[in-house]
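A short worksheet on the structure shown next.
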Amino acid sequence: MKYSLLSLARNALSFHEKWPSAWRSPQPQREYDVIVVGGGGHGLASAYYLAREHGIRRVAVLEKGWIGGGNTGRNTTIVRSNYLWDEAAALYEKSLQLWEGLSQALNYNVMFSQRGVYNLGHSLQDMRDIARRVNANRLNGIDGELLDARQVRERIPIMAIDGRYPVLGASFQPRGGVARHDAVAWGFARAADALGVDIIQECEVTGIRRKAGAVTGVDTTRGFIAAPRVGVVAAGHSSVLADMAGLRLPIESHPLQALVSEPLKPVLDTVVMSNAVHGYISQSDKGELVVGSGIDAFTGYAQRGSFSIIEGNLAAIVELFPIFSRVRMLRQWGGIVDVCPDACPIIGKTPVKGLYFNCGWGTGGFKATPGSGWVFAHTLARDEPHPLNAPFGLARFETGALIDEHGAAGVAH
Amino acid sequence: MLQIDCPWCGPRDQSEFGFGGEAHIVRPADPDALSDAEWADYLFMRKNTRGPHAEQWCHSAGCRRWFNVLRDTLTYRILAVYRVGEPPPEPGHAD
């Protein structure tokens, strides 16, 4: 059913009790053309673009939990594309352009709000790095402004720029912002389902079967499912799945935490992030302050992190925003992020024929959801990377052509 | 926060320690003889184990010495602490 004013009015007459399910819950078929392992935003977007852009509709998305239950529903929903290096900037900018038409394309309101993103500078070196990044962005056709302390004070008057962490300036990307993360998962799931993709929840992959160096299918908790091509989009569990195929990845999984406050009246109309003091904050449409933290240094798979990380994070936020010092936090949670040595993703083929990985997004994958799906669908359909993800193959760890985005990724998600 | 039993100082809060990643990665004796793939494997590829994981910690705000810990990455429970150079204990017998 197409969502429209008409469908809203029609369903109002039946007291909104007869809306159909947004997607089916089919039994897995015995065989598919492509299996996508992982029903997060990236996996669903991959399946959606496989069906829409490449006409491959015998696609299954296998999700061990439920749609939107993993990192897609656990992040701080920030979207931006102000990365330093050409390769990363092109990839994230493609994603941002897809975000700009996503609600219309999916016929689902993902509540994409381009309220701008500030990255604060607290030292002279911060400011030099920020100036370099803004200039690099502009050369790549990506919007960016370099602001001094006075301009930051005018635009974010509630921030204490003369406090313990003096703010010397900031970069500002006006087209950045936030989106409703659950809606992104649900919107992609619904749109992929409408194109014939089978979304199979509570179906955990337990093995990757191979024959003569090529993938033949996957063993799951709901039986064997055959497919000549398997794309793994499993974020924090990528190494576990790689191990099933006898592969090793340059990835370590860490817990990353976030938290939200009680709802407040509108007080912060943009996104503020600071690499140096490890904090980022925005206000959701419900009025909650959404605060993101840093990763725990140790590796972990438990979807919870250390309290000391939150303590340091909130101390920094309160120094920057003394007005929030008495706000009560409502909920706190963790997700498992797949951190790559160069803070860039791995998207491409593997030594196993027909097996592809899309992982290593680390702390900042949400913003890339549509772009990641776009290039991964191309990779799965054509058996070769899209020009945008060609530099992001596993081979870069052998050639040494790493793309060091620690500065732009940093804590800033 | 974890409580880590430093082999020299005894149990202390995790905030006194630095995490040093996977343990028992041995630097190749003859790096020149390695292929690019073998060098990449040594430099970047990690087990990233889900379960009992042998890892290095440094008591950086204490005695500043390195040691190894066997920790379950799913429960965060510390199964064993042992010194550098010792083999990792079997997870089942760690207690």
Side-chain angles (χ1 to χ4, degrees), chain A residues 64 204 206 234-244 246-255 257 294-312 334 336-344 346 350-351 359-360 362 393-402, chain B residues 1-6 12-26 28 31-32 34-61 66-81 88 91:
Chain A
K64 73 170 178 177
E204 182 174 356
T206 54
H237 283 72
S238 297
S239 299
V240 177
L241 279 138
D243 191 48
M244 293 176 192
L247 301 173
R248 270 154 69 86
L249 294 173
I251 280 179
E252 290 188 307
S253 299
H254 294 266
Q257 299 178 88
I295 59 170
D296 271 88
F298 59 76
T299 57
Y301 283 90
Q303 291 188 324
R304 60 187 163 81
S306 304
F307 184 72
S308 53
I309 301 283
I310 295 178
E311 195 177 19
I336 302 304
V337 297
D338 40 342
V339 175
C340 214
D342 59 355
C344 273
I346 298 165
T350 67
C359 60
L394 252 182
R396 74 178 187 270
F397 296 96
E398 293 180 22
T399 63
L402 302 183
Chain B
M1 190 185 296
L2 306 175
Q3 190 184 59
I4 300 173
D5 196 1
C6 171
R12 301 290 183 91
D13 283 348
Q14 177 209 330
S15 55
E16 292 187 14
F17 296 85
F19 179 70
E22 185 181 323
H24 307 296
I25 297 174
V26 180
D32 289 344
L34 296 189
S35 67
D36 287 350
E38 288 168 330
W39 186 244
D41 192 69
Y42 159 69
L43 213 52
F44 295 118
M45 303 301 161
R46 294 292 177 264
K47 289 181 185 157
N48 196 21
T49 312
R50 185 175 187 265
H53 182 243
E55 58 197 25
Q56 311 172 100
W57 287 82
C58 178
H59 195 185
S60 42
W66 285 93
F67 56 95
N68 293 329
V69 171
L70 190 70
R71 184 179 58 93
D72 191 319
T73 58
L74 201 53
T75 61
Y76 299 166
R77 193 159 163 245
I78 291 176
L79 306 171
V81 174

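Every chain is numbered from 1 and lettered A, B, ... according to where its sequence line falls, protein lines coming before strand lines.
At least one donor-acceptor pair under 3.5 Å links the side chain of Arg248(A) to the backbone N or O of Met45(B).
Summarising the geometry, atom OH belonging to Tyr76(B) is positioned 8.5 Å from atom OG1 belonging to Thr299(A); distances are rounded to the nearest 0.5 Å. The NE2 atom of His53(B) sits 6.5 Å away from atom CD of Glu252(A), with the distance rounded to the nearest 0.5 Å. Within the model, atoms CG of Leu74(B) and OH of Tyr301(A) stand 9.5 Å from one another, a figure rounded to the nearest 0.5 Å.
Taking Ile336(A), Leu249(A), Asp338(A) one by one and counting their heavy-atom pairs under 4.5 Å with chain B, the maximum is reached by Leu249(A). With chain A as partner, the option from Leu2(B), Leu43(B), Thr75(B), Asp41(B) having the largest number of non-hydrogen pairs under 4.5 angstrom is Asp41(B). Heavy-atom pairs under 4.5 Å with chain A were tallied for Phe17(B), Phe19(B), Trp39(B); the largest tally goes to Phe19(B). Chain B forms the most heavy-atom pairs under 4.5 Å with one residue out of Cys340(A), Pro250(A), Gly236(A), and that residue is Pro250(A). With respect to chain A, the highest number of heavy-atom pairs below 4.5 Å among Asp13(B), Asp72(B), Thr49(B) belongs to Thr49(B).
At a 4.5 Å heavy-atom cutoff, the contact between Glu55(B) and chain A is made by side-chain atoms alone. Of the two parts of Ser35(B), neither the backbone nor the side chain holds a non-hydrogen atom closer than 4.5 Å to a non-hydrogen atom of chain A. Neither the backbone nor the side chain of Ile310(A) comes within less than 4.5 Å of any heavy atom in chain B.
Considering every non-hydrogen atom in both Ile251(A) and Arg46(B), the closest pair reads O-CB, 4.0 Å. In plain terms, the two heavy atoms of Ser239(A) and Asn48(B) that are nearest each other are OG-ND2, 2.8 Å. Between Glu398(A) and Ala40(B), the shortest heavy-atom distance links the atoms CG-CB, 3.7 Å. Residues Arg71(B) and Phe298(A) share a closest heavy-atom pair of NH1-CD1, 3.4 Å.
Put simply, the side chain of Asp296(A) reaches to within 4.5 Å of the side chain of Gln14(B), judged on heavy atoms.
Using cut-offs of 30° and 60° on the angle between ring planes, the pair Phe44(B) and Phe397(A) is perpendicular.
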